[in-house]
Q: 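There's a structure below that I have some questions on.
First listed ligand is number 1; within each ligand, the first listed atom is number 1. Side chains included, hydrogens not; waters and symmetry mates left out as well; all remaining heavy atoms used. The structure presented is a predicted model; accordingly, all values stated were derived computationally and were not measured.
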Amino acid sequence: MKLYFDPITVNCRKVLAGFKLMGTKYDEEKVDYFTGQFKSPEYTAINPNQSLPAIDDDGFIVWESNAILQYAADKDGKDKFYPKDLKTRTDINRWLLWEANQWFPSCYTFLVENVVKPLLEQKPDQKILEAAAPKFHQLADIIDKAVEKHPFLCGDKITIADIAVAAPMHLHKWQKLPLDQHPNLVAWIKRVEDLPCWKETDAATLLGLS
Ligand SMILES: N[C@@H](CCC(=O)N[C@@H](CS)C(=O)NCC(=O)O)C(=O)O
């Protein structure tokens, strides 16, 4: 299975960390994000969305990072990280959809303003950040409550839901995500950050942030 990726991006780090967690075997095909290589005709033929990541598993192409995690888990029978019992699986699927629809866009605003713009020597727009804060807190509170009684989103054990939901906040220190009001969320992200799969896919160093 070939993975097209750039390790600095949110959704690529998600897949890389998930693959490492599950022990998924893959070949690397780096597609440079900052030079816009994801817009090349070759890569567009793989992923017409012109976004990263994508996989090619012997001619079977999948884009959408969460679908890639689901596929890899099912292909290798990694039930531990994506259990098959109906309620747990539905719970995980729910978090994957929520991450893509709600959480990623909210965290992305902070990523653009506080990480991408400074990297491009531009100033963050405080008005955009202020406008984004209420929604961010509403969403962060959902995570905070979910991990109040158990260590991971779907119970006592880590699943691909934790990896997917952690990814949009992978640079939270530099994104300057306002986390103080969400202590359970902070404890949960620390648990994810302590995992070898998360440490091995650190993007802050690659971006020269730490
Ligand atoms: N929902 C997609 C989002 C993919 C996505 O937006 N990827 C970003 C990197 S994290 C990208 O390649 N963006 C292209 C761009 O900036 O134009 C997924 O989860 O795979």
Side-chain angles (χ1 to χ4, degrees), residues 1-22 24 26 28-57 60-75 81-82 92-120 122 124-125 128 132 136 139 143 153 159-175 177 192 197-198 201-209:
M1 179 157 75
K2 192 188 280 187
L3 173 65
Y4 295 86
F5 75 112
D6 184 327
I8 60 158
T9 75
V10 168
N11 290 301
C12 294
R13 199 221 180 143
K14 179 198 289 177
V15 167
L16 282 174
F19 279 8
K20 284 185 193 294
L21 179 75
M22 296 188 285
T24 306
Y26 62 97
E28 298 190 349
E29 188 74 34
K30 171 100 192 281
V31 180
D32 196 78
Y33 179 74
F34 274 120
T35 59
Q37 204 188 342
F38 56 85
K39 291 185 179 151
S40 69
E42 294 78 20
Y43 183 68
T44 304
I46 305 284
N47 185 351
N49 299 288
Q50 297 186 319
S51 66
L52 295 163
I55 55 163
D56 181 344
D57 190 16
F60 181 63
I61 293 185
V62 186
W63 32 261
E64 282 297 326
S65 55
N66 290 338
I68 293 170
L69 288 181
Q70 290 168 308
Y71 175 74
D74 278 343
K75 185 184 176 210
F81 303 108
Y82 190 32
I92 294 171
N93 290 343
R94 186 256 309 254
W95 282 112
L96 298 184
L97 290 164
W98 180 83
E99 182 272 325
N101 286 310
Q102 304 279 344
W103 188 232
F104 173 82
S106 183
C107 294
Y108 190 67
T109 303
F110 293 84
L111 184 74
V112 170
E113 295 303 320
N114 288 330
V115 179
V116 178
K117 282 191 178 174
L119 282 174
L120 300 173
Q122 293 170 19
D125 187 329
I128 292 179
F136 177 84
L139 298 174
I143 299 178
L153 288 173
T159 68
I160 57 172
D162 297 283
I163 299 296
V165 175
M169 53 182 299
H170 74 142
L171 298 173
H172 61 86
K173 190 170 135 197
W174 297 274
Q175 287 167 271
L177 292 178
V192 175
C197 71
W198 205 255
T201 54
D202 171 49
T205 314
L206 296 174
L207 283 162
L209 297 172

Q: If you apply the rule salt bridge (Lys or Arg N to Asp or Glu O under 4.0 Å), what do you find for Glu28 with Lys2, and how did you get there?
A: CA-CA 6 Å; Glu28 298 190 349; Lys2 192 188 280 187; over 6 Å; no

Q: Identify the heavy atoms of Pro105 and Ala100 that sit nearest to each other, and give their distance.
A: CD-O, 3.7 Å

Q: Compare all side-chain heavy atoms of Phe110 with those of Leu171 and state whether any distance is below 4.5 angstrom.
A: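 With C-beta onward as the side chain, the pair stays apart.
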
Q: Please identify each residue that fulfils salt bridge (charged side-chain N to carboxylate O under 4.0 Å, His left out) with Asp125, with sequence neighbours left out.
A: none

Q: Kindly write out the residues that satisfy salt bridge (charged side-chain N to carboxylate O under 4.0 Å, His left out) with Lys75, not counting sequence neighbours, or none if the list is empty.
A: Asp57

Q: Write none if no such pair exists; otherwise list each N/O atom of ligand 1 with its protein N/O partner under 3.5 Å and the distance.
A:
| unit_1 | atom_1 | unit_2 | atom_2 | d |
| --- | --- | --- | --- | --- |
| ligand 1 | 1 (N) | Glu64 | OE1 | 2.8 |
| ligand 1 | 1 (N) | Glu64 | OE2 | 3.2 |
| ligand 1 | 7 (N) | Leu52 | O | 2.8 |
| ligand 1 | 12 (O) | Leu52 | N | 2.8 |
| ligand 1 | 16 (O) | Tyr33 | OH | 2.8 |
| ligand 1 | 19 (O) | Asn11 | OD1 | 3.4 |
| ligand 1 | 19 (O) | Ser65 | N | 3.3 |
| ligand 1 | 19 (O) | Ser65 | OG | 2.6 |
| ligand 1 | 20 (O) | Ser65 | N | 2.9 |

Q: Got a sec, which residues hit ring pair (Phe, Tyr, Trp, His ring centres under 6.0 Å) with Trp63, two or more places apart in sequence or on another chain?
A: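 Counting only residues at least two positions away or on another chain, Trp63 forms no ring pair (Phe, Tyr, Trp, His ring centres under 6.0 Å).
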
